[in-house]
Each structure stands twice: as C-alpha cells, then as structure tokens.
Amino acid sequence: MTAAIALKSVGKTYLTRDAEVEAIRRVDAEIAQGEFVSVLGPSGCGKSTLLMMIAGLEAPSHGEILIEGRAVTGPRRENGLIFQDATLLPWKTALENVLFPIRMMRRPVAAYEERARTLLRQVGLSGFEDKRPHELSGGMRQRVAICRALIHDPRLLLMDEPFSALDAITRDEMNETLVDIWEREHKTGVFVTHSIREAVFLSDRVLVMTGRPSTIALDLRVPFPRPRRPEIQETAEFGRLCGTLRATIEAGYGRRREAA
Amino acid sequence: MSATAEELREAARAAGALRARRARRAAFAKTVLLPIATALSVIGFWEWAVAAWRVPAVILPPPSEVAGVLVRAWPLLSQHAVPTTLEAVGGFTLATLCGVLLATLLVASSWIRAALYPNVVFFQLIPKIALAPLFIVWLGIGSESRLAFSLFVSFFPVVIATATGLANVPADMVRLCRSLAASDWQIFLSVRFPYALPYIFSGMKIAITFSIIGVVVGEFITAQAGLGYLILFASSKAETGLILAAIAVLCAVGLALFGLVGLAERLVLRRFGPDGGR
Ligand SMILES: Nc1ncnc2c1ncn2[C@@H]1O[C@H](COP(=O)(O)OP(=O)(O)OP(=O)(O)O)[C@@H](O)[C@H]1O
Ligand SMILES: [Mg+2]
C-alpha cells in the first residue's frame with residue numbers, strides 16, 4: 001500500500017529580510033494510511049512549517065512530499081486543518097462555522113447539514129448549534145473547529161497544537177474526544193504538540209525533531225491497542241515511553257545550547 | 001425546614017437584585033446625568049457672567065438671546081441647514097464608497113499597495129484645508145466643488161481604517177480558506193470584509209465629522225449658501241447671536257449625522273461584531 005504521506009529529504013529555508021533561516025534541514029518519513037502520528041520538538045524547530053508543507057500551503061526548499069503517491073504542489077481539499085486557536089468566524093453560529101468549508105468549496109450546504117449536526121452531537125455540543133463563538137467556552141470552540149475540519153470528510157487531518165491554549169482538565173477531555181473521533185472516522189493524522197503525554201496517549205507513532213535546523217531525532221512506535229482507554233496513562237509502559245521521549249527532546253535542546 | 005431554606009434563598013435573590021438596580025442607577029447618574037449637569041452649569045455661568053460683567057452682545061450675547069435668535073431666525077437657519085446637510089451626507093457617502101474600494105485594491109495587490117499606500121499616508125498628513133481654494137479653481141463655486149472637497153477631506157480615514165481591518169484577519173483563518181482552495185474573491189467576501197466591518201465603521205465615524213468640516217470650509221470660500229455661508233454673512237454684519245445660532249444648528253446636524261452612523265454601526269455589528277454587538 002502506498003504511504004498516506006511520504007516525506008523525501010524535505011527541507012525548508014526561509015528567506016527573511018536580512019538572513020536565510022534554515023528551519024528544517026532534512027526530514028525523511030513515511031506515514032501509513034490511517035496512522036496517527038504526533039510531532040514533538042523544541043519551539044521554533046519547524047513543526048508548524050512541516051505541517052504547512054504537508055498541507056500544500058508552503059513549498060519545501062528541497063525534497064519532495066508525496067500524498068498517496070502524488071507530489072504535493074498546492075492545497076488539496078482532502079485536508080482538514082485544526083490550529084491552536086479555534087479561528088471560528090465570530091459572526092457565525094457553531095453550525096454555520098462547521099459548514100464553512102462546504103461553502104468555501106461551493107458544495108451544496110444543505111446536503112451537509114445533517115452531518116454537521118451529527119458531528120456536533122458526537123463532540124458533545126448538541127443544543128449549541130445556534131450559539132455564536134462568544135457564547136461558547138474555549139474548549140467548546142475548539143470542538144467546533146474539530147467538527148469543521150471533519151465536515152468534508154478529508155482523508156488527512158493536520159493539527160497544530162490544537163489543545164495547547166486549553167486548561168489541563170479541558171485538554172484531557174479533548175484528548176478523549178479526539179481518540180473517540182479517530183477510532184470512528186479512520187483518517188490519517190499529523191498532530192503537532194508540546195505535550196509528551198498527549199502525544200503518547202493519542203498516537204500510533206511519535207516523531208521527535210531536533211532543534212533548528214531540524215532533522216528527525218527519534219521515530220517511536222506506541223504499542224497500545226485501540227480503542228484507547230484513558231487508564232493506559234497509569235501503566236508503567238506509558239511512563240517508560242514518555243521517559244524515552246523526554247530524554248530525546250532534552251538531548252536535542254542540549255545540542256542546540258552547545259551550538260549557540 | 002426546606003420551605004425556610006427556599007425563603008432564605010428567595011430573600012437573598014431579592015437583595016441581590018436590589019443591589020444590582022442601585023448600582024445601575026449610580027452608573028446612570030455618573031455617565032449620563034453628570035455630563036449634562038456640567039454642560040448646563042457652564043451655560044448658566046455664561047448667562048450670569050455676561051450680565052455681571054456687562055459684556056456687549058456683539059462680543060458675546062447670553063445663551064438666552066442665542067436661543068431667541070434660534071427661534072426667530074429658524075426659517076433662515078433651516079433653509080441654510082439643508083444644503084449643508086445634503087452636501088455633507090453626499091461627501092461622506094462618496095468617501096465611504098471610494099475609501100472601501102481603494103482599501104480593497106490596496107489589500108488585493110502588493111504592487112498597488114507599494115505604489116499607493118505610502119502616498120495615502122502622506123496625504124493623510126498634509127493640512128488638506130489648505131487645498132480648498134484649488135477645488136474652487138477646478139470645479140467652480142457650485143455644489144460640485146464642495147462635494148469633492150468634502151469627499152477629499154473625509155476619504156483618508158476610511159481608506160486607512162478599512163485597509164487595517166482587511167489585513168487584520170487571523171493568519172490561520174486565511175490559511176484555512178486557502179487549504180480549501182478558496183479564491184481570493186471568496187476570502188474577501190466571506191472573511192476579510194466582515195472582519196473589517198468594525199474598522200470600516202470607526203473610519204466612517206471620523207469621515208462623517210470630517211465631511212461636515214469639508215462642506216463648511218467650502219461654504220466659507222464659495223459664499224453661496226449653507227450654514228458656513230450664513231456664519232460668514234452674520235459675521236460681516238456683526239450679528240454675533242446669529243453666528244452662535246448657526247453654530248448651534250451645525251452642532252445639531254453633526255450630532256444627528258454621527259448618531260445615524262453610530263446607529264447603523266450598532267445594527268451591523270449586532271450581526272457581524274465579534275461579540276454580538278455587546
Ligand atoms: N514565514 C516565515 N518567514 C520567515 N521565517 C519563518 C517563517 N515561518 C517560520 N519561520 C522560522 O522558521 C522556524 C520554524 O518555525 P515554526 O513555526 O515552524 O516552528 P515550530 O516548531 O512550529 O515552533 P513552535 O513550537 O513555537 O510553534 C522559526 O525559526 C521561525 O522563526
Ligand atoms: Mg508552531
């Protein structure tokens with residue numbers, strides 16, 4: 001089976017006003033269909049950049065990205081995006097926000113309304129369909145954003161620290177919601193986060209990037225079976241995986257400090 | 001037992017409601033009654049001081065006399081208020097349309113922005129009133145020159161506010177649209193323009209006051225009709241009471257037009273504002 005995403009010696013150098021910033025030196029990786037992969041790494045190492053390149057919103061400076069065997073040359077509608085902020089349109093209701101991608105793609109909105117309502121119900125927002133973002137809590141807004149990313153049934157879900165603006169308890173709830181959705185919708189996912197526990201709990205695999213200019217320092221498989229139960233977080237195995245990841249990330253920081 | 005608890009809770013609620021009402025009344029007294037009282041006492045002092053120091057009416061008539069002129073000369077005043085109001089509304093409307101249009105072009109193309117935006121900012125800085133006579137040279141002493149000058153004066157705040165608003169859309173929102181392969185025009189209509197509405201209205205509120213200034217300056221120079229002309233005329237005859245009455249009418253016109261723009265803003269932002277216009 002062709003990989004859902006293949007990154008072939010992908011690198012990115014930004015041209016700024018007075019310098020070239022080499023964000024990503026070289027990333028090689030393959031992500032299988034239906035796999036959920038988290039990306040960890042120090043701040044500024046190029047995680048968002050990598051995600052934007054996969055989304056076709058930034059072009060790599062060298063190397064190639066293949067999605068289902070085809071080279072990415074621009075945005076593809078088979079992607080669902082979730083950002084750190086919910087970025088909902090403040091004047092639209094939750095339901096209208098979920099249906100926003102359908103409008104942008106000029107598809108018949110009415111045909112998707114039932115799916116939008118179902119998605120909102122599945123993330124625990126029935127009764128809030130007609131509320132505007134300012135009437136929702138931060139966690140509820142991010143749930144709406146998740147539904148919006150799923151509405152057009154994309155094959156790929158790209159998430160850039162979607163829960164890092166939320167408090168710890170809401171964040172745990174959101175993790176469980178995402179695991180539920182994941183196991184129901186069977187998509188391929190790339191999930192950028194700063195939380196090691198979150199990465200291990202959600203993912204089939206965790207990639208750790210080094211500091212800028214970045215490469216992949218570790219590619220770790222998470223062996224827990226699905227469906228995932230929150231209790232796995234109490235197991236010794238979970239703690240061991242987190243420890244390995246933490247050690248790798250700290251080594252990456254150390255390397256950067258020596259370089260500076 | 002539970003009935004007593006219920007009664008206690010009810011009493012606490014009533015006390016809370018009473019406190020809230022008192023707080024509201026105090027806020028009303030402070031934010032509405034106090035400024036009115038201040039204005040009234042200044043007018044009262046003016047009335048008293050003019051009499052006490054025997055200031056001649058030519059220098060400064062008492063407010064009561066200005067009110068008298070306002071009543072007696074009302075036909076004249078209202079007759080001149082009409083062209084001033086119409087031209088100010090016309091200049092403002094044109095300024096809003098042209099301003100939003102130019103701002104759209106500035107945001108749409110980085111070349112147009114590079115070519116024009118620095119010049120727009122530069123024009124914003126020059127004392128535009130000094131250019132009024134040029135408009136008379138170009139367009140004559142009729143309505144056109146006053147309209148054009150009022151448009152010219154009130155146009156820049158709309159451009160700058162709108163351009164700021166159109167560019168102020170969260171970057172991730174634009175990324176989301178692009179990831180769905182939305183066109184620039186779709187992004188403009190569905191995202192940028194509604195996001196910019198609060199900015200556009202703040203520009204329009206400046207524009208409406210500027211457009212009145214533009215028209216009055218035009219009337220000073222062209223000396224045909226309007227409240228500006230009436231003020232000029234009254235001053236040549238040393239009718240200070242009429243000057244002040246005309247100024248009072250001008251204030252009322254300005255206040256009414258500003259109020260209308262504010263009302264439109266509230267209606268539109270109730271639909272498109274970030275927090276339902278609250
Ligand atoms: N548009 C851009 N122009 C120039 N430099 C950029 C641009 N976007 C990102 N960079 C630089 O590239 C590097 C990687 O940025 P990126 O946002 O991908 O990091 P990140 O890993 O997502 O960081 P964080 O964890 O803080 O979100 C940073 O040094 C950043 O300054
Ligand atoms: Mg980032």
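In what follows, chains carry the letters A, B, and so on, assigned in the order in which the sequence lines appear, proteins first and then strands, with residues in each chain numbered from 1.
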Review point. Does any heavy atom of chain B fall under 4.5 Å from the side chain of A/L158, the backbone, both, or neither of them?
Key: neither
Check your understanding: Side chains of A/D85 and B/P170: closer than 4.5 Å at any heavy-atom pair?
Key -> no
Check your understanding: Is there a side-chain contact between A/W91 and B/L197, using heavy atoms and a 4.5 Å cut-off?
Key -> no
Exercise for review: Identify which one of A/T87, A/D160, A/I82, A/L81 satisfies the side chain to side chain contact (heavy atoms under 4.5 Å, CB included) criterion when paired with B/D172.
Suggested key: A/T87
Point to revise | CZ (A/R155) with more than 12 external heavy atoms under 6.0 Å | key: no
Review point. Looking only at heavy atoms, what is the nearest atom pair of B/V191 and A/F100, with distance?
Key: CG2-CZ, 3.7 Å
Review point. Hey, is CZ on B/F193 packed in by over 12 heavy atoms from elsewhere, all under 6.0 Å?
Key: no
Study note, to complete from the structure: To the nearest 0.5 Å, atom CZ of A/R106 lies from atom OG of B/S183 at 5.5 Å
Review point. Should the heavy atoms of other residues, nucleotides or ligands under 6.0 Å from CZ of B/R13 be counted, would the total exceed 12?
Key: yes
**Study point:** A/R76, part contacting chain B, at a heavy-atom distance under 4.5 Å
**Key:** backbone
Practice item. Sort out for me which of B/V169, B/L176, B/I187 touches chain A most, counting heavy-atom pairs under 4.5 Å. Key: B/L176
Review point. Measuring from B/R175:CZ to A/E58:CD, what's the distance to the nearest 0.5 Å?
Key: 7.5 Å
Point to revise | Pairs of heavy atoms under 4.5 Å with chain A: top-ranked of B/P194, B/A182, B/A181 | key: B/P194
Exercise for review: Drop me the distance from B/R178's CZ to A/M104's CE, to the nearest 0.5 angstrom.
Suggested key: 12.0 Å
Point to revise | Derivation and outcome, side chain to side chain contact (heavy atoms under 4.5 Å, CB included), residues B/M173 and A/L89 | key: CA-CA 8 Å; B/M173 193 68 229; A/L89 295 175; 3.7 Å; yes
Exercise for review: Mind checking the CD-OG spacing from A/E78 to B/S179? Nearest 0.5 Å is all I need.
Suggested key: 11.0 Å
Review point. Out of A/P154, A/P101, A/P75, which one pairs with B/L180 under the side chain to side chain contact (heavy atoms under 4.5 Å, CB included) rule?
Key: A/P101
